[in-house]
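Report on the following structure.
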Amino acid sequence: MSQDWDAGRLDSDLEGAAFETLAVRAGQQRSPEGEHGEALFLTSSYVFRTAADAAARFAGEVPGNVYSRYTNPTVRTFETRIAALEGTEQAVATASGMSAILAMVMSLCSAGDHVLVSRSVFGSTISLFEKYFKRFGIEVDYPPLADLDAWQAACKPNTRLFFVESPSNPLAELVDIAALAEIAHAQGALLAVDNCFCTPALQKPLALGADIVIHSATKYIDGQGRGMGGVVAGRAEQMKEVVGFLRTAGPTLSPFNAWLFLKGLETLKIRMQAHSQTALELARWLEGQPGVERVHYAGLQSHPQHELACRQQSAFGAVVSFEVAGGRDAAWRFIDATRMISITTNLGDTKTTIAHPATTSHGRLSPAERANAGISDSLIRIAVGLEDLGDLRQDLARGLAAL
Ligand SMILES: *Cc1c(COP(=O)(O)O)cnc(C)c1O
């Protein structure tokens, strides 16, 4: 009944294939059933033919699965596909975006090392460094994302890792990744980029000189608000260490979520293009509305780093933030007056979301820290989904009318 498929052939057929092709085909290994879609291997362990076979597999003398904390075929397919899309040797899947950052630092840094993290990163990332890594003797400083001189000046002899998000959330600030990679490398440090907001469909940090890419697959890689997951990707030399940590500590990706993300990757490029197109139209429209004081979106000519964004990204992503006249009360009135857009701080979904960063994602910062991060009380962030542009404009117009 079943056929033996030559798995190797599937890969060699993809030599030189384009992003869109890799997104639907890379990494697939057919089982003897000859299924067309990617198989979902819901199994925690694997059987061996004989006791000697088990011993050889445990000793690493013959390849093969042992236990799903170590390897799982569905997870491996996802890892191979992401590595192909980021254009690198290896990707390692994790249980969430946060566990990707945890695994990277735990496997590549030690007590006494110094890490530079851009000031405007995801809130939990700052907590992870401040509350936990510092307790284990890792020194951390936070240079402003775009200021290359500040990164240079913050380097110490023990600086091992630079970590940035570009573009930043919610203000869409960028760093010149190629220039920052040069500074890191001159220092003997690695540059890691959280590529969550762009995904490899819009930005390839490794091709620009970064060493490691981090993802929250929960966001645009899934893209449909269904599952949690993360990725660390880069050269085999570093990924070997990340794999070692994950196998031992255990925050590995569930095969079910890997299967969801494989389906997400198949439509990643067309989704990211659609998100970006609608976001750009909305950003331009918002910029012309009375009551809107400033729009932050790298696709706008008015964005101070628009030229860099055009060089470094193929489009500008889904996240648009803007300031309205009238402070917090006006921002809240705007948000409450919308009727379709979801009031939630999440992003990376098909459904457009709206949030007030100063009292949600950045609410735990002191007023001075918020001011320093550029998060004013009048700032609203939207993460544009896949709904119709006209319907979104109509809903945002309700917000404008409430100002
Ligand atoms: C959401 C997010 C994370 C954390 O990912 P989880 O999957 O929620 O753990 C990290 N970085 C960025 C930029 C994010 O948006």
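What you see is a predicted model; the values in this text were computed from it and never measured. Every number for a ligand or one of its atoms is a count from 1 in the order of the listing.
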So, regarding [X] and ligand 1 (criterion: nitrogen or oxygen to nitrogen or oxygen, under 3.5 Å), is there a contact or not?
| X | answer |
| --- | --- |
| Gly97 | yes |
| Lys219 | yes |
| Cys196 | no |

Next on the checklist: Would you say the rings of Phe334 and Phe322 are close, in the sense that their centroids are separated by under 6.0 Å?
Outcome noted: yes
Checklist entry - At a 4.0 Å cut-off, with the gap strictly under it, does some heavy atom of Gly348 reach an atom of ligand 1? => result no
Next on the checklist: Within the structure, is a non-hydrogen atom of Asp194 found at a distance of less than 4.0 Å from ligand 1?
Outcome noted: yes
Using a strict cut-off of 4.0 Å, indicate which atoms of ligand 1 neighbour a heavy atom of [X].
| X | value |
| --- | --- |
| Phe197 | 13 (C), 15 (O) |
| Gly229 | 7 (O) |
| Glu165 | 13 (C) |

Item to check | Heavy-atom check, side chain of Glu130 versus side chain of Ser127, under 4.5 Å | outcome: no
Item to check | His215 and Ile221, any side-chain heavy atoms less than 4.5 Å apart | outcome: yes
What protein heavy atom lies closest to [atom]? Include the residue and the distance to one decimal.
| atom | value |
| --- | --- |
| atom 4 (C) of ligand 1 | Phe122 CE2, 3.4 Å |
| atom 8 (O) of ligand 1 | Met228 CE, 3.7 Å |
| atom 7 (O) of ligand 1 | Thr218 OG1, 2.6 Å |

Checklist entry - Run the side-chain hydrogen bond (donor to acceptor under 3.5 Å, both in side chains) check on Thr71 and Asn65 step by step: do they pass? => result CA-CA 6 Å; Thr71 56; Asn65 302 304; 2.8 Å; yes
Checklist entry - Is there a donor-acceptor contact under 3.5 Å from the side chain of Thr218 to the main chain of Met228? => result no
Checklist entry - Are the side chain of Thr159 and the backbone N or O of Gln187 linked by a donor-acceptor pair below 3.5 Å? => result no
Next on the checklist: Both conditions, 6.0 Å and 45 degrees, for the charged tip of Lys219 above the ring of Phe122: are they met here?
Outcome noted: yes
